[in-house]
Amino acid sequence: MYDIIVIGAGSAGASAALFAAKAGKKTLVIDNDKSITKRAWMENHYGVMEMSGPDLIELGKKQAAKFGAEIINETAVNIVKTDEGVTVETENQTYQAKHVILATGLMIDVAEKAGLTIIPGTEPRVKSIVKVDQNGKTNIEGVWAAGAIAGASLHTIITAGDGAKVAINIISELNGERYVDHDVLK
C-alpha cells in the first residue's frame, strides 16, 4: 500500500509527488503522458528564464524520482474508496493508497466515474472542475485534487504551487502535525 498515489505528472502532480516523496512517504505517480503542459512554452515561471512544457515535466519527474517516487506510464480509469483507503484502477492493474491526489489537468473523466462532485470551471476554456475545499479535499474521503482540475489557474507556477499545497496538507494529516519542508544552505 502506498501512502500517496498521484494521478498525473504535469506541474501539479509532479510537484505534489516531489513533496510527498521528499517527506518520506511511499509515493506512486500514475501518468499517461497527456498533460496539457506538454504544449506550453514558459517565460513567466519564477526561477526559470524560459523552458518548454515537455522539459518542465521531465524535470519534475526526475525531482520526484530523486526522492523515491515511483513513476509508471499508465492511464487511471477509476478511483474507488475502500475500508483501507483508496484503490486506483488503471487499464492493467490496481494500486492501493491511504490518499490519492487527482492532478489530471483538464481531464475529468476519472473524477466523474469515481463520483467526485463536478462543478463549472472558473478559468477561461475550462468547462468543469472537481469541487474541493481550501485544503484540496474532495467529497470522497482520501481523495484530493490539485491544479487545473481543482480550479487553479492554468499557469504552471500556480498549478505547481497548488500541487505542493495539497501534498503538504496530506503529509500533515498523515504525520498528525503540520509538515514543513525548508532546505537551507550549508
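Hydrogens, waters and symmetry mates play no part in the numbers below; they use all other heavy atoms, side chains included. Just so you know, residue 1 is the first one in the sequence shown, and it goes up from there.
- With contacts defined as side-chain heavy-atom distances shorter than 4.5 Å, the pair Phe67/Leu18 qualifies.
- At least one side-chain heavy atom of Lys38 sits less than 4.5 Å from a side-chain heavy atom of Asp33.
- Heavy atoms of other residues, nucleotides or ligands lying less than 6.0 angstrom from CZ of Arg39 number 12 at most.
- Just one residue in the list Ile7, Thr138, Ile5 forms a side chain to side chain contact (heavy atoms under 4.5 Å, CB included) with Ile79, and that residue is Ile7.
- Considering CG of Asp55 and CE of Met42, their distance stands at 8.0 Å, rounded to 0.5 Å.
- Val143 places none of its side-chain heavy atoms less than 4.5 Å from the side chain of Lys81.
- Between the side chain of Thr159 and the backbone N or O of Thr156 there is at least one donor-acceptor pair closer than 3.5 Å.
- A distance of 10.0 Å separates CG in Leu116 from CD1 in Ile108, rounded to the nearest 0.5 Å.
- Using a 4.0 Å cut-off between a side-chain N of Lys or Arg and a carboxylate O of Asp or Glu, Asp3 and Lys26 do not qualify as a salt bridge.
- Atom OG of Ser11 sits about 7.5 Å away from atom CD1 of Ile57, to the nearest 0.5 Å.
- Side-chain heavy atoms closer than 4.5 Å link hydrophobic residues (I, L, V, M, F, W, Y) into clusters, and following such links, even through other members, never connects Tyr95 to Ile71.
- Between Tyr179 and Lys25 there is no side-chain heavy-atom pair separated by less than 4.5 Å.
- Using a 4.5 Å heavy-atom cutoff, the side chains of Ile4 and Leu174 are in contact.
- The distance from the NZ atom of Lys165 to the OG atom of Ser15 is 12.0 Å, given to the nearest 0.5 Å.
- Between Lys113 and Glu89 no salt bridge is recorded (no basic side-chain N to carboxylate O distance below 4.0 Å).
- To the nearest 0.5 angstrom, Asn32 atom CG is 10.5 Å from Glu74 atom CD.
- Shortest non-hydrogen contact noted between Gly147 and Ala12 is CA-CB, 3.7 Å.
- Linking Ile, Leu, Val, Met, Phe, Trp and Tyr whenever their side-chain heavy atoms come within less than 4.5 Å puts Ile140 and Val132 in one cluster.
- Remark: side-chain polar atoms of Asn139 are paired, donor with acceptor, to backbone N or O of Gly115 under 3.5 angstrom.
- Hydrophobic clustering of Ile, Leu, Val, Met, Phe, Trp and Tyr side chains at less than 4.5 Å, counting indirect connections, unites Ile36 with Ile129.
- With values rounded to the nearest 0.5 angstrom, Glu177 atom CD is found 12.5 Å from Ile171 atom CD1.
- Contact check for Ile168 versus Glu173: no side-chain heavy atoms found under the 4.5 Å cut-off.
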*Could you walk me through whether Met107 and Thr75 pass side chain to side chain contact (heavy atoms under 4.5 Å, CB included), step by step?*
CA-CA 12 Å; Met107 295 179 271; Thr75 298; over 6 Å; no
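- Side-chain atoms of Asp133 come within 3.5 Å of backbone atoms of Asn135 as a donor-acceptor pair (strictly under, hydrogens ignored).
- Under the 4.5 Å side-chain heavy-atom criterion for Ile, Leu, Val, Met, Phe, Trp and Tyr, Ile30 and Val100 are members of the same hydrophobic cluster.
- Val110 is not listed as a side-chain neighbour of Thr104, based on a closest heavy-atom distance of 4.5 Å or more.
- Between Met51 and Leu59 there is a side-chain heavy-atom pair separated by less than 4.5 Å.
- Ile101 and Ala146 make their closest contact through CG2-CB, 4.0 Å (heavy atoms, listed as atom of the first residue, atom of the second, distance).
- For Glu141, the CD atom counts as loosely surrounded, since its 6.0 Å shell holds 12 or fewer non-hydrogen atoms of other residues, nucleotides or ligands.
- The 12-atom threshold is exceeded at NE2 of His45, counting heavy atoms of other residues, nucleotides or ligands nearer than 6.0 Å.
- Here the shortest heavy-atom pairing between Thr122 and Gly151 reads OG1-O, 4.1 Å.
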